[in-house]
K.L.:
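The structure is given below, and queries will be raised subsequently.
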Amino acid sequence: MHPERTELTELVLDVVDQVPPGRATTYALVAEAVRARTGHGHARHVGAVMATYGAEVPWWRVVRADGTLPRPLRERAMAHYREEGTPLSPFVPGRVELRHALWDAPTCWEAPAGVRPADA
DNA sequence: GTGCTGACACAGG
DNA sequence: ACCTGTGCCAGCA
């Protein structure tokens, strides 16, 4: 079959789909995970993919490096965060507390035997 | 090929 | 916390 979606798109969606409920990752980290497989990929492209195909995956679990999302998206993500119990900043409404919620895909996948990221 | 756009990141102000 | 400018690079006109 002829992929309408590029390889990059498929990989991005695949990665985002694996972020567990109640946790979140960033555009840059998703890009890093994709880059580990394909050799290329950039946070900006992850955003581009999400803008088009985001509805197919738990898009609210991918946030900016500072834990926020653009205005309109932030509003819609709130319901999901509340339902999943995603850690949010007590000071900035709608901002994910990455300190507690971050899910680092690359380290989870690439961790060689015996080497594990220090988790909470 | 050229040029603009963007659900980003980062440094400044 | 907000906004601005710069770097980034795949997709699209």
K.L.:
Crowded around A:Glu83 CD? As in, over 12 foreign heavy atoms under 6.0 Å?
P.N.:
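Counting neighbours around CD of A:Glu83, 12 or fewer heavy atoms of other residues, nucleotides or ligands fall under 6.0 Å, so no.
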K.L.:
Go through it in stages, so that I can follow the logic: the residues are A:Val96 and A:Arg61, the test is side-chain contact (heavy atoms from CB on, under 4.5 Å), and I'd like the CA-CA distance, side-chain angles, deciding distance and then a yes or no.
P.N.:
CA-CA 9 Å; A:Val96 174; A:Arg61 296 176 196 155; over 6 Å; no
K.L.:
Expressed in angstrom and rounded to an integer, what is the separation of A:Arg44 atom CZ from C:dC9 atom C1'?
P.N.:
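Taking atom C1' of C:dC9 as the reference, CZ of A:Arg44 is at 9 Å.
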K.L.:
With a strict under 4.0 Å distance from non-hydrogen atoms of chain A, what nucleotide opens and what nucleotide closes the contacted stretch of DNA chain B, reading 5' to 3'?
P.N.:
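The contact span of chain A on DNA chain B goes from B:dG6 to B:dC10.
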K.L.:
Does A:Asp14 reach the side chain of A:Glu10, with side-chain heavy atoms less than 4.5 Å apart?
P.N.:
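When only atoms from C-beta onward are counted, A:Glu10 and A:Asp14 do not touch, as no gap falls below 4.5 Å.
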K.L.:
Atom CZ of A:Arg74 to atom P of C:dC2: distance rounded to whole Å?
P.N.:
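Spelled out: CZ on A:Arg74 to P on C:dC2 is 9 Å.
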K.L.:
Contact class for A:Arg95 (heavy atom, under 4.0 Å): base, sugar-phosphate, or nothing?
P.N.:
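Sugar-phosphate, no base atom in range.
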K.L.:
Do A:Glu84 and A:Trp60 have a side chain donor and acceptor closer than 3.5 Å?
P.N.:
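On atom types as modelled, these side chains qualify, holding a pair under 3.5 Å.
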K.L.:
A:Arg64 near the nucleic acid: base, sugar-phosphate alone, or nothing, with a heavy-atom cut-off under 4.0 Å?
P.N.:
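Sugar-phosphate, no base atom in range.
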K.L.:
Using a heavy-atom cut-off of 4.0 Å across all strands, would you classify A:Val62 as base, sugar-phosphate, or nothing?
P.N.:
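Result for A:Val62 = nothing.
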K.L.:
How would you label the contact of A:Leu73 with the nucleic acid (heavy atoms, under 4.0 Å): base, sugar-phosphate, or nothing?
P.N.:
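Base: the residue A:Leu73, judged by heavy atoms under 4.0 Å, touches a nucleobase.
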K.L.:
In this structure, how many angstroms lie between the P atom of C:dC3 and the CG atom of A:Asp66, rounded?
P.N.:
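A:Asp66 atom CG is separated from C:dC3 atom P by 13 Å.
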K.L.:
Look only at the side chain of A:Arg95 and the backbone of A:Thr68, and say whether a donor-acceptor pair between them is shorter than 3.5 Å.
P.N.:
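No, because the side chain of A:Arg95 does not come within donor-acceptor range (under 3.5 Å) of the backbone of A:Thr68.
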K.L.:
To the nearest Å, give me how far apart CZ (A:Arg71) and C1' (C:dA1) are.
P.N.:
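So the CZ-C1' distance, A:Arg71 to C:dA1, works out to 13 Å.
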K.L.:
From NE2 of A:His42 over to C1' of C:dC9, roughly how many Å is that when rounded to an integer?
P.N.:
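My rounded result for the distance is 7 Å.
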K.L.:
If you look only at pairs with a residue in residues 6-42 of chain A, which of them pass as a ring-ring contact (aromatic ring centres under 6.0 Å, His included), with sequence neighbours excluded?
P.N.:
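Qualifying pairs, neighbours excluded: A:His42-A:His45.
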K.L.:
Quick one: A:Phe91 CZ to C:dC2 P, roughly how many Å, whole number?
P.N.:
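Between P of C:dC2 and CZ of A:Phe91: 15 Å.
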K.L.:
Within the structure shown, what part of the strands sits under 4.0 Å from A:Ala51 by heavy-atom distance: base, sugar-phosphate, or nothing?
P.N.:
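Result for A:Ala51 = base.
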K.L.:
Could you tell me how far apart A:Tyr27 (OH) and C:dC9 (C1') are, to the nearest whole angstrom?
P.N.:
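Taking OH of A:Tyr27 and C1' of C:dC9, I get 17 Å after rounding.
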K.L.:
Do side-chain atoms of A:Thr25 reach the backbone of A:Trp103 as a donor and acceptor pair under 3.5 angstrom?
P.N.:
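Judged by distance alone, yes, a pair lies under 3.5 Å.
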